[in-house]
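Have a look at the structure below before the remarks.
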Amino acid sequence: MPPRSKRFTSEDLPDGSSTLVIRNVVVLGKRTSLRMEPEMWDALADVAAREGHNVHDICTQIVERKPPAASLTAAIRVFLVNYYRLAATDEGHARAGHGQTGMDIIAAALNYAAAAGSPAE
């Protein structure tokens, strides 16, 4: 598994550059390239590890179940949101500070990797 991607801020990006990371995955026995945000790649790797699979297996299962008109990257993003929504509980939300007055939850979520101390590439 590759190391966690470097995090970025808008000041770090040259004009016209993309924050998307391109990686290859094997889906249904065929190699394909996917472009997603580093956080999506990290979340996909975390889910795969937690579920005892590799990223290729998870992507294959997603492609087998996604709507025909949906792109694989869109289906992966929807899967990740739904995976974490299913795992969210009222207790977990309270521990994360969601809904507390004065807490900037948007900043906290955007800076999650820095707060968690994730190693950079």
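Values below: all heavy atoms of this structure, side chains included; hydrogens, waters and symmetry mates excluded.
- Atom CD1 of residue Ile58 and atom CD of residue Glu51 lie 6.5 Å apart, to the nearest 0.5 angstrom.
- For the pair Thr60 (side chain) and Leu28 (backbone), a donor-acceptor distance under 3.5 Å is present.
- The structure places CG of Leu80 at 10.5 Å from CH2 of Trp41, a figure rounded to the nearest 0.5 Å.
- Connection of Leu20 to Leu44 is not established within any shared hydrophobic cluster, with ILVMFWY side chains joined at heavy-atom distances below 4.5 Å, either directly or through further cluster members.
- Between Pro38 and Thr19, the closest heavy-atom pair is CD-O, 3.3 Å.
- Judged as a salt bridge (charged side-chain N to carboxylate O under 4.0 Å, His left out), and not counting sequence neighbours, the contacts of Glu91 are Arg95.
- Take Leu86 and apply the side-chain contact (heavy atoms from CB on, under 4.5 Å) test, not counting sequence neighbours, and it matches no residue.
- Partners of His53 according to the ring pair (Phe, Tyr, Trp, His ring centres under 6.0 Å) rule, which considers only residues two or more places apart in sequence or in another chain, do not exist here.
- Heavy-atom minimum distance, Arg77 versus Met36: NH2-CA, 3.7 Å.
- With rounding to the nearest 0.5 angstrom, the NZ atom of Lys66 is 7.0 Å from the CG atom of Leu72.
- No more than 12 heavy atoms of other residues, nucleotides or ligands lie within 6.0 Å of CG in Asp90, so this atom counts as exposed by the packing criterion.
- Interatomic distance, CD1 of Ile62 versus OH of Tyr83, reported as 11.5 Å (0.5 Å rounding).
- Hydrophobic clustering (ILVMFWY, side-chain heavy atoms < 4.5 Å, transitive): Tyr84 and Val55 are in one cluster.
- The structure places NE2 of His56 at 12.0 Å from OG1 of Thr32, a figure rounded to the nearest 0.5 Å.
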